[in-house]
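All residue numbers in this chain count up from 1 along the given sequence.
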Amino acid sequence: MQKPKKVSYIRKPFAKRSFMAIGLAAAALILGGAGLGGTVRAGGQAQLNMAAACFCSLVVALVSMVYGVLSLFEREKKYILARIALGVSGFLVVLWVILIIVGFRR
């Protein structure tokens, strides 16, 4: 005899701040891709606007992480968007820190 499956009829909404976190993570990803793509096209001799796009990507990723952490404190919500945003933003922050360290060593 099988146990009856528990079904929850209450649907949890997404955390409100997770929408901002995922949007900022996407913006950071786009800015970073544009900055790196422009640098590769320029053969490593990037102009100042490419460096600004990459730095803005770092700053936006950090803000996205803040919103992601704040959305995890909301009660009785879905956190999947916040977790995705934290993963993408964390990856970008680590990538930019590594590239900055490598750039200073050269």
Side-chain angles (χ1 to χ4, degrees):
M1 186 169 172
Q2 288 182 336
K3 293 181 183 179
K5 293 182 181 178
K6 291 185 178 182
V7 178
S8 175
Y9 293 103
I10 299 173
R11 298 209 174 196
K12 294 180 184 178
F14 288 106
K16 290 182 181 179
R17 291 184 179 121
S18 67
F19 293 113
M20 181 65 90
I22 197 77
L24 288 171
L29 199 58
I30 290 169
L31 281 169
L36 284 178
T39 302
V40 169
R41 273 187 267 124
Q45 301 298 321
Q47 297 176 356
L48 188 58
N49 59 352
M50 294 300 142
C54 292
F55 182 72
C56 286
S57 172
L58 173 64
V59 172
V60 171
L62 288 170
V63 173
S64 173
M65 289 181 71
V66 169
Y67 271 100
V69 169
L70 288 176
S71 67
L72 292 177
F73 287 112
E74 296 179 27
R75 293 188 172 198
E76 299 296 323
K77 305 283 183 171
K78 289 183 191 176
Y79 304 116
I80 187 70
L81 294 179
R83 290 180 181 149
I84 292 170
L86 281 170
V88 170
S89 298
F91 170 75
L92 285 173
V93 168
V94 169
L95 174 75
W96 291 126
V97 168
I98 289 172
L99 287 176
I100 289 170
I101 291 171
V102 168
F104 280 136
R105 289 193 177 219
R106 290 199 163 231

(message) So which atom in A28 and which in S57 form the shortest heavy-atom distance, rounded to 0.1 Å?
(response) O-OG, 2.8 Å

(request) Can you measure from CG (N49) to SG (C54) and round to the nearest 0.5 angstrom? (result) 10.0 Å

(message) Would Y79 and S18 count as a side chain to side chain contact (heavy atoms under 4.5 Å, CB included) here? Give the steps.
(response) CA-CA 7 Å; Y79 304 116; S18 67; over 6 Å; no

(message) Are P13 and K77 packed together at the side-chain level, in the sense that at least one heavy-atom pair is separated by less than 4.5 angstrom?
(response) yes

(request) Identify whether W96 and M65 are in the same connected component of the hydrophobic contact network (ILVMFWY, side-chain heavy atoms under 4.5 Å). (result) yes

(message) Taking I100 as the starting point, is it possible to reach L95 by hopping between hydrophobic residues whose side chains are less than 4.5 Å apart?
(response) yes

(request) Can you see which heavy atom on M50 is nearest to which on A34, and at what distance? (result) SD-O, 3.7 Å

(message) Return the CD1 to SG distance between I30 and C56, rounded to the nearest 0.5 Å.
(response) 13.5 Å

(request) Give the minimum heavy-atom separation between A46 and T39, together with the two atoms involved. (result) CB-OG1, 3.5 Å

(request) Report yes or no: does S64 contribute a side-chain atom to a donor-acceptor pair with the main-chain N or O of A21 at less than 3.5 Å? (result) yes

(request) Looking only at non-hydrogen atoms, find the nearest pair between Y67 and R17 and report the distance. (result) O-CB, 3.9 Å

(request) Heavy atoms only: give me the nearest A15-S71 pair and the separation to one decimal. (result) CB-O, 3.7 Å

(request) Would you indicate whether F55, at its atom CZ, is surrounded by more than 12 heavy atoms from other residues, nucleotides or ligands within a distance under 6.0 Å? (result) no

(request) Is it possible for you to say whether L72 and M20 belong to one hydrophobic cluster, with membership spreading through side-chain heavy-atom contacts below 4.5 Å? (result) no

(message) Going by side-chain contact (heavy atoms from CB on, under 4.5 Å), L24 matches just one of V88, L29, V60, L62. Which one?
(response) V60

(request) Give a yes or no on whether V63 and I22 share a hydrophobic cluster (residues Ile, Leu, Val, Met, Phe, Trp, Tyr; joining criterion: side-chain heavy atoms under 4.5 Å apart). (result) no

(request) Give a yes or no on whether L86 and V66 share a hydrophobic cluster (residues Ile, Leu, Val, Met, Phe, Trp, Tyr; joining criterion: side-chain heavy atoms under 4.5 Å apart). (result) no

(message) Going by side-chain contact (heavy atoms from CB on, under 4.5 Å), V97 matches just one of I101, V94, L99. Which one?
(response) I101

(message) For K12 versus K78, what's the shortest heavy-atom pair and its separation?
(response) O-CE, 3.1 Å

